[in-house]
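Take a look at the structure below.
Order of the sequence lines sets the chain letters (A, B, ...), proteins ahead of strands, with each chain counted from 1.
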Amino acid sequence: MKPFTLDRPETAADAVSAVAADPSAAYLAGGTNLVDHLKLGITAPGLLVDVSRLTSSDVREDDRGGLVVGAGVRNSDLAADRRVRERYPVLAEALLSGASGQLRNMATTGGNPLQRTRCVYFQDVSTPCNKRAPGSGCSALGGYTRYHAILGASEHCVATHPSDMAVALAVLDAEVRVLGPDGERVVAFTDLHRLPGDHPERDTVLGHGDLITEIALPPAAWARRSAYRKVRDRASYAFALVSVAAGVSLVDGVLEDVRVALGGVAHKPWRAHRAEAVLRGARPSREVFLAAADAELADARPVEGADGGNAFKVPLVRRTLAAVLRDLTEEADR
Amino acid sequence: MATTGTAGRSRTIELRVDGTAYHPDVDPRRTLLDLLREQLGVTSPKKGCDHGQCGACTVLLDGRRVLACLTLALTCDGAEVTTAAGLSGDDGLHPLPQAFVDHEGFQCGYCTPGQVCSAAGLLAEFDAGAPSHVTPSVSDSPRWTDEEIAERMSGNLCRCGAYVGIVAAIRQAGDKR
Ligand SMILES: Cc1cc2nc3c(=O)[nH]c(=O)nc-3n(C[C@H](O)[C@H](O)[C@H](O)COP(=O)(O)OP(=O)(O)OC[C@H]3O[C@@H](n4cnc5c(N)ncnc54)[C@H](O)[C@@H]3O)c2cc1C
Ligand code: SF4
Ligand code: FES
Ligand code: FES
């Protein structure tokens, strides 16, 4: 690790000024991603600004009937919150499927969506990687691609976003409240992350010094019937190969409202608008679920790899999506 | 350690470990794990992977289980740290380590201090009604089953594969509480 200074300012505004003034500075929250990156040499900031106690660690009601989650709320506390469990089960389930008990006790609402890819080449500083060292090339192409993208990737990067929580936040149309050097603003969660394009090193639309202060969950009656399913190589403590977040409301046997997002398939949590369009107004059936998946996957481009590539993700997403929607609609029928 | 200007400046912090107060001078790069083991001589938490993947370094930080290898020591100013060694009181072994002995929940024992701290954290989380990935519905409270124990302990790896004994030990300690 290169030497750095660690500051623990008293206010969020002081933290923003400190980071904005130093191009080599970074925020530190739970540290579960950043400290690992310091050890691996992926990043070498000159200044770390600890924000874990500066942003709220409370979940509060807002006047619209939604919930506002402070960026300092730990993943385990958010998953255990009664209101989240009842009103947004997809979020509690996504959080509980991620990492381990210890890591969830450390990981924060602000830090989790900003964790970086688990692409093995990104994490191995001895290999070329456009995300870590822009212009150096992409080692994943033709390499180990089991965990890589099938949607929205570019020739420069085929990495996936690893956060489970983020997939639930995408389906919930969450809002990200940001305090930046120029003041406060709100970013729609589905706009927070970028596709790789020509600049895979930029994960999000946030600028240097932008601090996430809160994430707001809008009221969503349909979300009471929502779920997260994660498919992985081990039963527990592993990142998703693919995951599905979805919620439905049925009126007279017809899908009135339906929301779907996918994880493990793209550089960002993937909101499946095409699938939603097929499903909305339809009567639930396996055929319509598969047709919705096919609409979403029409542009899927699996990556070939030395490990056999990741074409298996296309049928896996298809079946997982159909299974989640079947469970949700059968439950809704009862 | 050579430092230029303010970069890397060390600071004195205060923390209590297993009931003893310490005032170490801490380099910003020091993790809580290295502070405990190398600077304070508290060797109960073990270094396995050093990357958050094995759970051997688990300690209770202000009562919650966390990974000491991913915690920067400077952020622990004012904190209360409990290691597995601190769980045994004057009147003999704490029920958890005793249960590990009763059920042979270890072979080489390297992972054991982390397992014991993690189990202590698990019991508190379970008692608070926190659901897990295997709780049938997140809107319900969890039931005390081996499946729940195994899922909640999945962040603690055991190279010797003593898992059956570990689950039985935690089951016993939980039943008795
Ligand atoms: C072994 C292991 C397994 C894991 N498994 C999973 C898994 O299955 N699913 C999953 O989703 N995650 C998993 N994780 C990742 C873990 O969930 C993340 O590391 C964690 O959520 C990051 O949150 P943090 O608070 O620790 O962030 P930090 O590590 O402190 O920060 C992460 C990044 O966010 C920035 N940042 C933090 N807070 C803010 C803020 N408020 N505003 C602006 N920037 C900020 C930091 O500068 C840094 O760049 C795993 C991690 C490990 C080590
Ligand atoms: S997929 Fe992206 S993160 Fe992985 S090696 Fe290629 S450029 Fe780097
Ligand atoms: S040493 Fe900390 S998790 Fe392995
Ligand atoms: S007892 Fe040897 S690693 Fe667990």
Nearest heavy atoms of B/P28 and A/F4, plus distance in Å: CG-O, 3.2 Å
Filtered by a 4.5 Å non-hydrogen cutoff, the part of residues 87-99 of chain A contacting chain B is A/P89, A/A92, A/E93, A/L96, A/S97
Counting heavy-atom pairs under 4.5 Å with chain A, which one of B/S132, B/A130, B/A128 comes out on top? B/S132
Give, as side chain, backbone, both or neither, the part of A/R53 having an atom under 4.5 angstrom from any heavy atom of chain B. neither
Measure from the side-chain N and O atoms of B/R64 to the backbone N and O of A/Q102, and report whether any donor-acceptor pair falls under 3.5 Å. no
Taking all non-hydrogen atoms of both residues, which atom of A/L48 and which atom of B/L72 are closest, and how far apart? CD1-CD1, 3.7 Å
Any donor-acceptor N or O pair under 3.5 Å, side chains B/S139, A/E86: no
Under 4.5 Å from any heavy atom of chain B - which part of A/D50: side chain
Under 4.0 Å between a Lys/Arg side-chain N and an Asp/Glu carboxylate O for A/D7 and B/R9? no
When you look at CD of A/E10, are more than 12 heavy atoms from neighbouring residues, nucleotides or ligands closer to it than 6.0 Å? no
Between the CE atom in A/M106 and the OG1 atom in B/T71, the distance rounded to the nearest 0.5 Å is 3.5 Å
Residue by residue, scan residues 45-56 of chain B and write down, ordered by number, those that have a heavy-atom distance under 4.5 Å to chain A; if none do, write 'none'. B/D50, B/H51, B/G52, B/Q53, B/C54, B/G55
Is the number of heavy atoms from other residues, nucleotides or ligands under 6.0 Å of B/R143 CZ greater than 12? no
Heavy-atom proximity to chain A below 4.5 Å, by part of B/C117: neither
If you look at every heavy atom in B/T75 and A/R8, which pair is closest and at what distance? O-NH2, 3.3 Å
Side-chain contact, heavy-atom cut-off 4.5 Å: B/P131 with A/R85? yes
Measure A/K230 against the heavy atoms of chain B and call it side chain, backbone, both or neither at under 4.5 Å. neither
Contact origin within A/R234 toward chain B - heavy atom pairs under 4.5 Å: neither
If I measure from the heavy atoms of chain B, does A/S52 come under 4.5 Å with its side chain, its backbone, both, or neither? neither
Is chain A contacted by the side chain of B/T31, its backbone, both, or neither, given a heavy-atom distance below 4.5 Å? side chain
Whether A/N105 side chain and B/V66 backbone form a donor-acceptor pair below 3.5 Å: no
Heavy-atom pair with the smallest gap, counting every atom of A/T32 and B/L70: O-CD1, 3.6 Å
In Å and rounded to the nearest 0.5 Å, what is the NE2 to OG distance from B/H133 to A/S100? 13.5 Å
Does atom CD of B/E38 have more than 12 heavy-atom neighbours from other groups under 6.0 Å away? yes
Is the side chain of A/K39 donor-acceptor paired with the backbone N or O of B/C69 at a distance under 3.5 Å, no angle test? yes
Does atom CZ (B/R159) have a neighbourhood of more than 12 heavy atoms from anything else shown, all under 6.0 Å? no
Shortest non-hydrogen contact from A/S236 toward B/S154: OG-OG, 3.0 Å
Between A/L38, A/V84, A/D77, which has the largest tally of heavy atom pairs under 4.5 Å with chain B? A/D77
